[in-house]
Amino acid sequence: MATKPIVRVQCDDFDQAAEIRDLVASNHDIGAIATFIGLCRSEGESLSALELEHYPGMAESQMENCASAACERWPIDKMLVIHRYGVIQPGEQIVLVVAASRHRDAAFDGARYVMDFLKTDAPFWKKEHRSDGAAGQWVDARDSDETAKERWK
Amino acid sequence: MATKPIVRVQCDDFDQAAEIRDLVASNHDIGAIATFIGLCRSEGESLSALELEHYPGMAESQMENCASAACERWPIDKMLVIHRYGVIQPGEQIVLVVAASRHRDAAFDGARYVMDFLKTDAPFWKKEHRSDGAAGQWVDARDSDETAKERWK
Amino acid sequence: MAEDKVKILYFSWIRERVGLNDELVSMPDGVKTVAQLLVWLQGRNEQFAAAFEFPEIIRVALDQEHADHAQDLGKPSEIALFPPMTGG
Amino acid sequence: MAEDKVKILYFSWIRERVGLNDELVSMPDGVKTVAQLLVWLQGRNEQFAAAFEFPEIIRVALDQEHADHAQDLGKPSEIALFPPMTGG
């Protein structure tokens, strides 16, 4: 049976080392852990923060959908996805994906697949807070995020 | 100019969270960190440890070669590769690759490329220590590790 | 009656333009598909006209599942309207 | 004289079979390529015969750079012999 992923949406920051430790603690046949962390960028110091809005309920279910799809497609033993919301400053963490497997290909593919689908399917939106105090814009979706999913067809 | 990777060969364990913190601390335009950790597997409790032998000097230079090649091929801002040697027990960490970039594709590609080349080009060899006390074998190279490099051609 | 009403949620700049987080709406007769809902919303007032000026870019979720514009609305208890997502 | 000698290093099960970590060797006349070196090593004694029984699988580094079997030895100061690598 495919691994059931752990999915969390939270305002608080996360401790990736502690999360990974908890995730793989009991399993000594995991040989590979691929991790992705998304950070808030300052865009050359022009941003003071990003504010992340989300759709509670649907955010979790969409994250679970793409994580479960990865666990069905590759032999993944453990999968964790955390996404934050609220005001996040440059350098701070926004998203964590951890995929653990016996071998590295499944771990890398699984983590990347989840990021690609999470970007376009999970209901989160980023608004910029500008360093100069001017009104911030909502971040535009990137076409490249839509096309990134094509590689998994 | 391409990023100069940090490469270390060490007996001691590493703290991935501290390593990542140090690596990206000063750069607030990094948006993506892809990390790979290789762990010692117990192979269904049959192994009590792996003993890692290496060729000092050449191990570092081969790790640097493949990490530098990744930094030339993709826009990577920070790259770190650590490989341990000595006796390592099941569940313990063997290798760490961290690739940080503005965007996730470069980070994922860079980390995976380094792992693929490190597997076949860096002079490390694993010997099994068996739980039942029998003489351990040297781990055989996997054909799939040779073919994994083909995807980067 | 409340049973005939559907909860509509707005997110991101759609929420800002319409000036509402959510509302309970009686769906007019003739609004049977997602596309028809967007046309109707656009005609409600100036704020809605601004929010739904380019309906083709609006994403719609029916009971928290992504829906195509050509899809029938059915009888959802919750409809969400939002721009393309920018998480991750 | 020491200047004519080359340091040879052995790793993993090759090291175990030959019973040496490394040694200083005077390269015999006629050993000009990596492949010729492997043939010569194989003929040295029983232990070397066991270590180099299947020369085609042996990896060779000249001054810490990977070398093909067809390659000229040149004048390296250090030659390393080892099985396919299993790090990572």
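In what follows, chains are A, B, ... by sequence order, proteins preceding strands, each numbered from 1.
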| B:Q137 atom CD, over 12 foreign heavy atoms within 6.0 Å | no
| query | Of all residues at least two apart in sequence or in a different chain, which pass the salt bridge (charged side-chain N to carboxylate O under 4.0 Å, His left out) check with D:E46? | reply | none
| Contact part of D:L9 toward chain B, heavy-atom cut-off under 4.5 Å: side chain, backbone, both or neither? | side chain
| Do the charged groups of D:E23 and D:K5 touch, with an N to O distance under 4.0 Å? | no
| said: Taking the six-membered ring of D:F11 as reference, does the cationic atom of D:R15 (NZ for Lys, CZ for Arg) lie under 6.0 Å from its centre and within 45° of its axis? | reply: no
| query | Between B:T120 and B:K149, is any side-chain donor less than 3.5 angstrom from a side-chain acceptor? | reply | yes
| task | Enter the distance from B:F117:CZ to B:W152:CH2 here, rounded to the nearest 0.5 Å. | result | 8.5 Å
| Side chain, backbone, both or neither: which part of B:D121 has a non-hydrogen atom closer than 4.5 Å to chain D? | both
| remark: Counting heavy-atom pairs under 4.5 Å with chain D, the top scorer among B:G38, B:A59, B:A122 is B:A122
| request: May I have the step-by-step check of side chain to side chain donor-acceptor pair (under 3.5 Å) for D:E16 and B:W138, ending in yes or no? | output: CA-CA 11 Å; D:E16 290 182 341; B:W138 289 92; 2.9 Å; yes
| request: Identify whether the distance between the nearest side-chain nitrogen and carboxylate oxygen of B:E53 and B:K126 falls below 4.0 Å. | output: no
| request: Against chain D, label B:K127 side chain, backbone, both or neither, depending on which of its atoms sit under 4.5 Å from a heavy atom there. | output: side chain
| request: Residue by residue, scan residues 73-109 of chain B and write down, ordered by number, those that have a heavy-atom distance under 4.5 Å to chain D; if none do, write 'none'. | output: B:H83, B:I94, B:V95
| B:Q62 portion near chain D, given a 4.5 angstrom heavy-atom threshold | side chain
